[in-house]
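Encoded as structure tokens, the structure appears first; notes follow it.
What you see below is based on every heavy atom in this structure, not just the backbone, and it leaves out hydrogens, waters and symmetry mates.
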Amino acid sequence: MPTYAYACTQCGHRFDAVQSFSDDALTACPECGGQLRKQYGSIGVTFNGGGFYRTDSRASSGGGESTATSSKAETGSSSATTSA
């Protein structure tokens, strides 16, 4: 379950709450009863290494030929569309 950060708009109390996606957001501060605001920060996910680009999963032999063939096919179909 995800952890959400909240901050009170009246007293400034900050805390984290573990909630399900289907749970409603918290609205009352546990310290003073004031209005809460959900805090948004940077995510803790970093994508390192290969496999995140279209060309990373292709084999080095023949990868350039299939790309050239597909771009020729796309160019041919677009020129046929513009002339029709």
Could you tell me whether Gln35 atom CD has more than 12 heavy atoms of other residues or ligands within 6.0 Å of it?
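For Gln35, atom CD is not crowded (no more than 12 foreign heavy atoms under 6.0 Å).
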Heavy atoms only: give me the nearest [X]-[Y] pair and the separation to one decimal.
X     : Y     : result
Gln39 : Ala7  : NE2-CB, 3.4 Å
Cys11 : Glu31 : SG-CB, 4.4 Å
Gln19 : Asp24 : NE2-O, 3.0 Å

Quick one, Tyr4 with Asp23, criterion side-chain contact (heavy atoms from CB on, under 4.5 Å). Give me CA distance, side-chain angles, the key distance, then yes/no.
CA-CA 11 Å; Tyr4 296 100; Asp23 290 346; over 6 Å; no
Calculate, to the nearest 0.5 Å, the distance between atoms SG and CZ belonging to Cys8 and Arg37 respectively.
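Cys8 atom SG to Arg37 atom CZ measures 12.0 Å (nearest 0.5 Å).
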Gap between atom CD of Gln10 and atom CG of Leu36 - 0.5 Å precision:
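The distance works out to 9.5 Å.
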Any side-chain heavy-atom pair from Val18 and Thr3 closer than 4.5 angstrom?
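A side-chain contact under 4.5 Å exists here.
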Backbone N or O of Ala17 within a donor-acceptor pair of the Tyr6 side chain at under 3.5 Å?
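Not confirmed, Tyr6 side chain does not pair with Ala17 backbone.
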